[in-house]
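Step one of this worksheet: look at the structure below.
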Amino acid sequence: MVLTTHFRKLLVSVSVLMVAFTNAALAQLEVDITRGNVEPTPIAVPSLAVDGAGSTPAGTLAELAAQISQVVSNDLVKTGLFRIIDPNAFISVPTVENIRPRFGNWRALDTQALVSGLIRLEDDGQLKVEFRLWDVFAERQMTGLGYTAPPRNWRRIAHLISDTVYERLTGETGYFDTRIVYVAETGPKTNRVKRLAMMDQDGANHRFLTNGEDIVLTPRFSPTRQEITYMAYYNNTPRVYLYNIETGKHEVLGDFPNITFAPRFSPDGNSVILSLLDEGNSDIYVMDLRTRQVRQLTDHPAIDTSPSYSPDGRYIVFNSDRGGSQQLYVMNNDGTNVRRISFGNGRYGTPVWSPRGDLIAFTKIGEGKFRIGVMRPDGKGERVLTDAYQDEGPTWSPNGRVLQYFRVQQTRADGSGGQVNLWSVDLTGYNERMIPTPTEASDPAWSPVLRLIPGG
Amino acid sequence: MQLNNIGKKVLTVAALTALLSACASDNDMSSSDDMSNRGMEQTDSSVSGPGAVGTDRVDSSQLDDAPAAGTQEDLIATAGERVHFAFDSHELSFQAKSILRKQAAWLKQHSMVSVTIEGHADERGTREYNLALGQRRSTAVRNFLIAEGISGNRITATTYGKERLLDPGQTEAAHAKNRRAVTVVQ
């Protein structure tokens with residue numbers, strides 16, 4: 001895996017806890033995420049036990065204990081795979097002195113899984129959180145980890161706990177320690193103000209990255225660096241930019257004489273693939289970020305745009321109207337062997353290759369609607385996941401299990417409505433939900449898992 | 001900031017277009033405000049039928065404040081500043097060509113004026129595709145003006161895709177209004 005070469009010291013350090021108590025497990029607790037309409041698994045996430053008193057710049061230990069458990073609960077419930085047991089119903093909770101749960105008290109609440117833990121302040125001011133995941137019916141510890149981090153990073157600790165619980169119960173990689181970059185929209189659609197904005201995957205730590213003077217569109221994360229590529233207008237002309245998250249610096253990508261748009265990083269993070277407009281014709285180019293060398297990949301009078309690499313970097317999917325209407329095409333990464341893959345009714349756009357490589361997500365246009373769907377890279381197995389007036393621009397969760405996109409609501413007869421917001425849906429087509437944002441929002445892009453990015 | 005100035009300019013143009021339209025008795029392409037009062041059929045025909053963007057019927061000499069020569073307002077009064085397109089098309093219609101010939105004549109008359117052609121699309125296409133489509137439209141207009149004898153050095157073509165709707169509505173009539181190329185005096 002490419003990303004592991006960039007793995008380096010974390011702001012949050014992890015230690016494996018000894019399995020405190022084992023029982024010969026009978027049936028192992030597992031959550032099946034391949035079917036959408038399963039009954040959510042009941043799970044209890046009591047507030048962490050507080051080991052000693054103490055206060056940090058981020059809050060008291062008691063406050064952090066409650067907040068961490070709350071963030072974990074929110075992460076888990078939003079997957080649609082879990083039902084959080086109401087804390088008011090708890091009969092007893094694990095304490096610092098007695099971390100082994102009274103399983104009978106949890107079984108009485110029909111809880112299948114229990115997340116318990118404790119929090120304390122180390123001598124050096126670091127926050128230490130230990131947590132354990134219990135299989136209530138087997139009376140068995142499924143996993144136990146300890147995290148040490150500066151108190152200000154308590155949210156990341158919470159997301160890492162959520163990741164671990166999710167991973168242990170579903171067998172899939174968690175995606176809670178991630179961010180979303182998107183376009184925040186305000187003002188009338190005739191003169192829309194669009195700003196780059198970024199937030200944690202759960203909406204926390206929201207901030208604007210541009211001031212709204214220029215229209216910005218289509219931000220996308222680097223898979224390997226704290227970097228975003230996006231398109232913005234400057235002097236009437238759309239151009240591709242790079243934004244460094246750590247330095248806050250915006251930089252025009254390349255010295256192109258023409259309009260550039262539709263940027264996306266290559267899986268190794270070393271190139272940006274984009275569209276360039278020449279005399280009204282758009283073709284696909286790739287720029288090597290180290291050498292700044294540019295290579296043309298398509299040369300066709302049709303509209304060729306919205307390119308996206310396969311995760312192994314060998315193929316590129318894009319949309320083109322070369323066959324008469326907007327459809328999806330796959331080509332080799334040198335531009336050869338172009339073949340059409342979409343053959344259903346309607347038009348297809350905005351293809352994005354899944355990080356797992358097994359599927360391509362797209363916007364399907366037809367029957368008066370824009371819908372999000374997926375198909376295999378050979379074009380077979382098409383499934384439409386959403387059904388609304390206008391859903392557009394999917395982005396994958398790092399584990400390839402969830403899609404976010406933006407939805408334009410239909411306006412009502414009185415002219416109201418028409419709002420634009422971020423939404424997410426599971427690959428199963430279930431668990432569709434709106435992502436709350438401070439303003440209207442479009443063009444979401446999911447970050448890779450932060451723990452795999454240097455400086456993340 | 002330059003973009004803001006342009007934004008304001010566009011707004012002014014829109015307001016003025018509305019004003020002129022209100023003056024012209026049978027001008028169908030008017031501001032979005034009165035779209036709701038019009039039947040779908042009527043609005044449709046106004047876009048595709050003869051007389052679309054019929055600013056030629058506005059006699060600028062009859063206005064109290066005749067626009068200064070060589071300005072955007074003058075272009076609108078003399079030729080009309082925008083042409084419209086069919087869905088997913090950058091083909092110039094007969095009506096569009098008629099307007100563009102007037103624009104070319106106006107540009108010949110005002111040889112110091114440079115223009116930017118802004119290509120736009122309706123919201124019923126994906127964002128990046130529509131940026132490409134908008135550029136096809138602005139380039140079609142630019143090429144037509146060049147063929148009519150205007151120097152390419154005076155004409156810049158750009159695209160706004162679906163980022164600057166003229167009519168925020170979701171009716172076919174609104175979509176038709178939004179599929180346009182606008183000539184903007186620099």
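Basis for what follows: all heavy atoms, side chains included, without hydrogens, waters or symmetry-related copies. These figures come from a predicted structure and were not determined experimentally. Proteins come first, then strands; the chains are lettered A, B, ... in the order of their sequence lines, and each starts at number 1.
For a residue to count as touching a neighbouring chain, one of its non-hydrogen atoms must lie under 4.5 Å from one of that chain's; by this rule A:Phe406 touches chain B with the side chain only. For B:Asn143, the part lying near chain A is the side chain, with the backbone staying farther off; criterion is any non-hydrogen pair under 4.5 Å. For A:Ile303, the parts sitting under 4.5 Å from any heavy atom of chain B are the backbone and the side chain alike. Of the two parts of A:Thr411, the backbone and the side chain both hold a non-hydrogen atom closer than 4.5 Å to a non-hydrogen atom of chain B. Contacts of A:Ser306 with chain B are made by both backbone and side-chain atoms, with heavy-atom separations under 4.5 Å. Heavy-atom distances place no part of A:Pro307 under 4.5 Å from chain B, backbone and side chain included.
Contact tally against chain A (heavy-atom pairs below 4.5 Å) for B:Thr159, B:Thr116, B:Asp88: the top residue is B:Thr159. Taking A:Ser275, A:Ser442, A:Gly417, A:Gly368 one by one and counting their heavy-atom pairs under 4.5 Å with chain B, the maximum is reached by A:Gly368. Interface check for chain B: of the options A:Ile259, A:Thr350, A:Asn281, the most heavy-atom pairs under 4.5 Å are formed by A:Ile259. Among A:Phe370, A:Phe261, A:Tyr389, the residue with the largest count of heavy-atom pairs under 4.5 Å with chain B is A:Tyr389. Interface summary for chain B: among A:Asp321, A:Thr237, A:Asn258, A:Thr305, the most heavy-atom pairs under 4.5 angstrom belong to A:Asp321. Contacts with chain B were tallied for A:Lys189, A:Arg347, A:Gln326, A:Gln410; A:Gln326 has the most, counting heavy-atom pairs under 4.5 Å.
By the 4.0 Å N-to-carboxylate-O rule, B:Glu172 lies too far from B:Lys177 to be salt-bridged with it. A:Lys364 has a carboxylate O that lies under 4.0 Å from a charged side-chain N of A:Glu382, or vice versa, which qualifies the two as a salt bridge. Of the charged side-chain nitrogens involved, at least one lies within less than 4.0 Å of a carboxylate oxygen, so that A:Arg371 and A:Asp387 count as a salt-bridged pair. A salt bridge is defined here as a Lys NZ or Arg NE, NH1 or NH2 lying under 4.0 Å from an Asp or Glu carboxylate O, and B:Arg142 with A:Glu279 meets this definition. Under the 4.0 Å criterion applied to side-chain N and carboxylate O atoms, A:Glu392 and B:Lys162 are assigned as salt-bridge partners.
Cation-pi contact between A:Arg322 and A:Tyr329: present, with separation from the ring centre below 6.0 Å and deviation from the ring axis of at most 45°.
Of the N and O atoms on the side chains of B:Thr183 and B:Gln103, at least one donor lies less than 3.5 Å from an acceptor on the other residue. Judged by distance alone, the side chains of A:Gln296 and A:Tyr285 do bring a donor and an acceptor atom under 3.5 Å apart.
Using a distance-only test at 3.5 Å, with no hydrogens or angles considered, a donor-acceptor pair links the side chain of B:Asn178 to the main chain of B:Asp167. Between the side chain of A:Ser282 and the backbone N or O of A:Leu276, no donor-acceptor pair lies under 3.5 Å. Under a 3.5 Å cut-off, the side chain of B:Ser89 and the backbone N or O of B:Phe85 do not form any donor-acceptor pair.
Contacts between residues 119-130 of chain B and chain A, counted as heavy-atom pairs separated by less than 4.5 Å, involve B:Glu123, B:Arg124, B:Gly125, B:Thr126, B:Arg127, B:Glu128, B:Tyr129. Of all residues spanning residues 106-115 of chain B, none has a heavy atom less than 4.5 Å away from chain A's heavy atoms.
Checking each of A:Leu422, A:Asp443, A:Ile435 against A:Tyr182 for a side-chain contact (heavy atoms from CB on, under 4.5 Å) leaves exactly one that passes, namely A:Leu422.
With contacts defined as side-chain heavy-atom distances shorter than 4.5 Å, the pair B:Ile155/B:Ile150 qualifies. The side-chain heavy atoms of A:Trp446 and A:Gln404, taken from C-beta on, include a pair separated by under 4.5 Å.
Taking the six-membered ring for Trp, A:Tyr230 and A:His250 have ring centres closer than 6.0 Å.
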